[in-house]
2 protein chains.
Amino acid sequence: MGDAFDQAGLIDLAELPDAAQDFDAFLREIRDRFGVDHVAYAGMNPINRSVIGHVTYGKDWQEHYATQGFHRIDPTLHSARRSIAPVDWSRLERDLDYLTVFRSAHDFGISDQGVTIPVRGPYGDIGGLSLTCGGSKTEWKALCRENLHVWQALSVHVHDLVISSDSFSSLLRGPSMSMREREILQWTAEGKSQQDIADILTISHRTVEVHLRSARHKLYALTTAQAVGRAISMGLIYPG
Amino acid sequence: MGDAFDQAGLIDLAELPDAAQDFDAFLREIRDRFGVDHVAYAGMNPINRSVIGHVTYGKDWQEHYATQGFHRIDPTLHSARRSIAPVDWSRLERDLDYLTVFRSAHDFGISDQGVTIPVRGPYGDIGGLSLTCGGSKTEWKALCRENLHVWQALSVHVHDLVISSDSFSSLLRGPSMSMREREILQWTAEGKSQQDIADILTISHRTVEVHLRSARHKLYALTTAQAVGRAISMGLIYPG
DNA sequence: AACGCTATTGGGGAAATCCCGTATGGAATC
DNA sequence: GATTCCATACGGGATTTCCCCAATAGCGTT
């Protein structure tokens with residue numbers, strides 16, 4: 001699997017050996033290759049909000065992280081959510097959540113020096129590869145300067161691997177919206193009421209509502225507003 | 001601006017000189033740096049669905065491309081829409097659209113050897129950087145192998161620059177939402193009802209409705225669903 | 001002190017949405 | 001050919017949202 005690095009960024013991921021599905025081992029390999037302390041990947045399925053994580057952290061920190069529910073407040077995850085470029089942790093907002101997570105991490109011997117590289121897929125799926133390393137600030141800067149590009153490519157690569165794995169893709173490609181559903185969702189995003197859309201399509205407003213309901217279900221959305229938001233973020237429709 | 005390459009991938013884009021806003025010159029610099037024939041960026045602003053393009057192609061090809069409406073069928077754009085990893089043009093489907101565009105491009109001296117690197121932002125914004133280069137297949141493969149990860153970083157960088165200068169500028173001149181309005185709009189995007197939000201914030205559902213109304217007015221939205229969509233595409237809130 | 005702006009709360013009623021059904025035609029499956 | 005699944009279409013009735021109205025309190029500006 002050693003040449004996975006060289007293949008990272010290439011298109012035909014199918015050529016990768018099956019062993020590449022062992023994400024944990026892959027992350028460890030990245031860790032050793034670049035001499036960082038830890039490598040972590042977190043990806044989220046936007047439909048059911050499920051999070052997939054693979055890390056090289058110790059079991060103790062993993063458990064503490066989970067039991068404390070840090071994934072809800074982790075500033076690195078939040079930054080990845082709104083940024084497109086890599087985010088150096090030194091630029092994170094020093095808010096209460098930051099202190100909570102990083103002080104706790106420090107107790108487990110994890111540095112607050114690191115970087116998170118966000119990735120987004122075509123289905124609203126988001127992920128992020130994080131690398132952390134102690135040592136002097138100068139060394140860290142040099143390490144970034146040297147390898148950040150490669151890490152960016154690796155982040156894309158890992159995310160691609162994860163969402164290509166069955167557990168992810170089946171759900172993501174599941175929401176195959178029908179023509180009518182997308183059409184009506186689009187009009188809804190344009191600010192039209194159900195009756196408006198019914199008039200436009202010359203159908204009953206009852207029917208419009210049914211399609212909206214179906215769209216909500218497919219997007220696992222509780223309300224139409226949420227469905228519109230998700231559909232936009234997934235590129236299914238456009239903001240009106 | 002020469003060190004923009006070194007800065008590409010770093011976080012603080014504000015440090016870039018203003019000259020970096022000259023995208024065409026930036027693309028030319030990329031072209032010369034890597035010795036490729038042409039570099040092109042295409043991005044879409046989801047708010048108005050406008051397509052922003054910057055290329056190093058000649059005027060003649062640009063005009064032909066536009067007049068023929070090739071942006072509708074360009075296989076490189078379509079592949080970028082679906083893929084997350086860089087797409088080598090050699091892997092494009094050899095369909096009718098492919099032949100139409102690439103035969104035409106060939107007449108203008110543009111090779112069918114190239115790669116397109118898709119990028120996605122948090123607001124439904126998408127873009128892609130394309131590089132094309134003639135010569136032997138072996139040379140091209142070597143060039144990719146050597147520089148693909150740098151190109152990936154550059155693609156992110158260029159997209160970030162374009163979006164920042166385009167859609168965010170409208171956001172800055174846009175409505176000044178109050179804290180409460182953003183907060184309630186965010187909860188709405190998460191699928192909460194007005195009563196839910198009232199309970200969460202321990203205020204009256206009447207108040208929630210007032211803030212939503214205010215938000216709608218500020219966003220010139222007719223419905224809450226439209227307001228949520230607009231707010232997401234403008235980066236005011238995040239999809240729930 | 002007066003003014004403007006925002007956050008808050010509330011009523012009443014119209015309008016829209018949403019959940020519960022039913023039904024039909026087409027496509028895929030068995 | 002029967003069955004299953006889904007997109008499509010429609011209605012009744014309960015729930016929710018939305019729009020008109022008014023009112024109080026805080027906060028900064030003039």
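Proteins come first, then strands; the chains are lettered A, B, ... in the order of their sequence lines, and each starts at number 1.
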Query raised in the report: Just checking, any donor-acceptor pair under 3.5 angstrom between side chains of A:Tyr41 and A:His159?
Result: yes
Query - Divergence of helical axes at both termini of the helix from C:dA1-D:dT30 to C:dC30-D:dG1 - five pairs an end, 10° steps - result: 50°
Report task. Would you check, one step at a time, whether the test ring-ring contact (aromatic ring centres under 6.0 Å, His included) holds for A:Trp89 with A:Tyr98? Result -> CA-CA 10 Å; A:Trp89 293 354; A:Tyr98 178 91; 8.9 Å; no
Report task. Starting at the 5' end of nucleotides 5-17 of chain C, put B wherever the base has a protein heavy atom under 4.0 Å, S where only the sugar-phosphate does, and a dash everywhere else. Result -> --SBBBBB----S
**Report entry** A:Arg216 and A:Thr223 side chains, donor-acceptor separation under 3.5 Å
**Finding:** no
Query - Between C1' of D:dA7 and CG of A:Leu212, the distance in whole Å - result: 14 Å
Report task. Can you establish whether the number of heavy atoms outside A:Arg94 located under 6.0 Å from its atom CZ is more than 12? Result -> yes
Query raised in the report: Are side-chain heavy atoms of B:Leu219 and B:Leu236 found at a separation under 4.5 Å?
Result: yes
**Report entry** Donor on one side chain, acceptor on other, B:His205 and B:Asp199, under 3.5 Å
**Finding:** no
Report task. Would you kindly say whether A:Ser193 and A:Asp196 are connected by a side-chain donor-acceptor distance under 3.5 Å? Result -> yes
Requested in this report: Check step by step if salt bridge (Lys or Arg N to Asp or Glu O under 4.0 Å) holds for B:Glu190 and A:Arg230.
Outcome: CA-CA 9 Å; B:Glu190 313 261 0; A:Arg230 283 197 173 159; over 6 Å; no
